[in-house]
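First up is the structure itself, then whatever we jot down about it.
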Amino acid sequence: MFGSDEADKSFELTLKRLDASGEVSVPLILTSDVQGFTAPSEVKFEDGVNETKIRIDCSGLPTKQTYNVTLSIPESFSNPYVEGTDAVTVSSLVSDWELWAKDAVFSFTDFYGDVYSDIYAMPGTRKFKIQNFLGSGLDLPFEVDNPSASYSLIHPTYNADPYINYYPEDAFQCWYLYNQDLGDFPIWSPDGVSEPKITYALVYTYGDGTNYTYIRFAKKKGQVTIDTSYDDGSSSWQFISFTYGDPLFDMF
């Protein structure tokens, strides 16, 4: 998956041979239902070398949709009775974050005033991003599972530290809000004014039916459930509801 502004929209493929003796050129066949993938037409092995790498470029792909490419070598150059394969199919997508819902309202149950955040989406995927998540200054990109369900769980892809890293014996799929760029936990007041400041926010992904972190597409709302610790030594639960208006485009 590549952003359209990424300079390098390519991936690497490794090819191996059993017999490293002699120099040999092996044809490489690229098959796709769309133009935009490019790769060398042959792969060269130098004498004594049994492994080589090539790059497949995806920069010519149309955006916002996933496309497949199959790379293969002719049967005359392959051996079906050894480990490996003579063909591989890869899916690739070129897309970008686009504003999806403006000024979603996050309402806290204790201490803090409402926080407003824009929600971005990546067309062609199940990826979303809440900008300035809970007023922390951190963006929270996440994937959702089934968007047609009554609620779709949020699975963060960045700025999240899994709970299982600290308590592997527990099966909870929870996560701490975490600044991955700085390698530290944020300390913040969501509305920028109220005290105490949050020092840890443990977000519950799964629970007993009430402790869910989810987004509802049809009803334009969701919930974030967190166990918070504060800089005054106290702690509490926070049940944070959020709502948003009509999305700017349909993701699904």
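Only heavy atoms go into these numbers, but all of them, side chains included; no hydrogens, no water, no symmetry mates.
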Please report, to 0.1 Å, the donor-acceptor pairs under 3.5 Å made by any side chain of residues 43-52, with sequence neighbours excluded.
residue: D47; atom: OD1; partner: G22; partner atom: N; Å: 2.6

With the 4.5 Å side-chain cut-off for hydrophobic clustering, are W97 and F249 part of the same group? yes
Exercise answer: donor-acceptor pairs, residues 83-94 side-chain atoms, under 3.5 Å, sequence neighbours excluded:
residue: T85; atom: OG1; partner: A87; partner atom: N; Å: 3.2
residue: T85; atom: OG1; partner: A87; partner atom: O; Å: 2.9
residue: T89; atom: OG1; partner: T70; partner atom: OG1; Å: 2.8
residue: S91; atom: OG; partner: N68; partner atom: OD1; Å: 2.6

Contact list for residues 25-39, test side-chain hydrogen bond (donor to acceptor under 3.5 Å, both in side chains), sequence neighbours left out: none
Identify the two heavy atoms, one from I187 and one from K197, that lie closest to each other, and give their separation to 0.1 Å. CG2-CB, 4.1 Å
What side-chain hydrogen bond (donor to acceptor under 3.5 Å, both in side chains) pairs are there with at least one residue in residues 241-252, not counting sequence neighbours? K220-D246
According to ring pair (Phe, Tyr, Trp, His ring centres under 6.0 Å), does anything in residues 178-201 pair up with another residue at least two apart or in another chain? List the pairs. Y176-F185, Y178-F185, F185-Y200
E12: which residues meet the side chain to side chain contact (heavy atoms under 4.5 Å, CB included) condition with it, sequence neighbours left out? K53, R55
State which residues pass salt bridge (charged side-chain N to carboxylate O under 4.0 Å, His left out) with K221; sequence neighbours excluded, sorted by chain then number. none
Pairs satisfying side-chain hydrogen bond (donor to acceptor under 3.5 Å, both in side chains), at least one member in residues 119-128, at least two apart: K127-E143
Check P74 against P27 and note the closest heavy-atom contact, atom names and distance. CD-O, 3.4 Å
Just jot down the side chain to side chain contact (heavy atoms under 4.5 Å, CB included) partners of D96, sequence neighbours excluded, or say none. S4, D5
Ring pair (Phe, Tyr, Trp, His ring centres under 6.0 Å): pairs with one or both residues in residues 127-147, sequence neighbours excluded: W100-F128, F128-F142, F128-F217
Going by atom types alone, do T225 and Q223 pair a side-chain donor with an acceptor below 3.5 Å? yes
For the hydrophobic clusters of this structure (ILVMFWY residues joined by side-chain heavy atoms under 4.5 Å, transitively), does one cluster hold both L138 and Y163? no
Suppose clustering is done on Ile, Leu, Val, Met, Phe, Trp and Tyr with side-chain heavy atoms closer than 4.5 Å. Which residues sit in the same group as Y158? none
ILVMFWY network linking I29 to V34, side-chain heavy atoms under 4.5 angstrom: no
If hydrophobic residues (ILVMFWY) are linked whenever their side-chain heavy atoms come closer than 4.5 Å, directly or via other members, who joins V105 in its cluster? Y116
To check you understand the geometry: which heavy-atom pair defines the closest contact between L28 and A39, and what is its length? CD2-CB, 4.3 Å
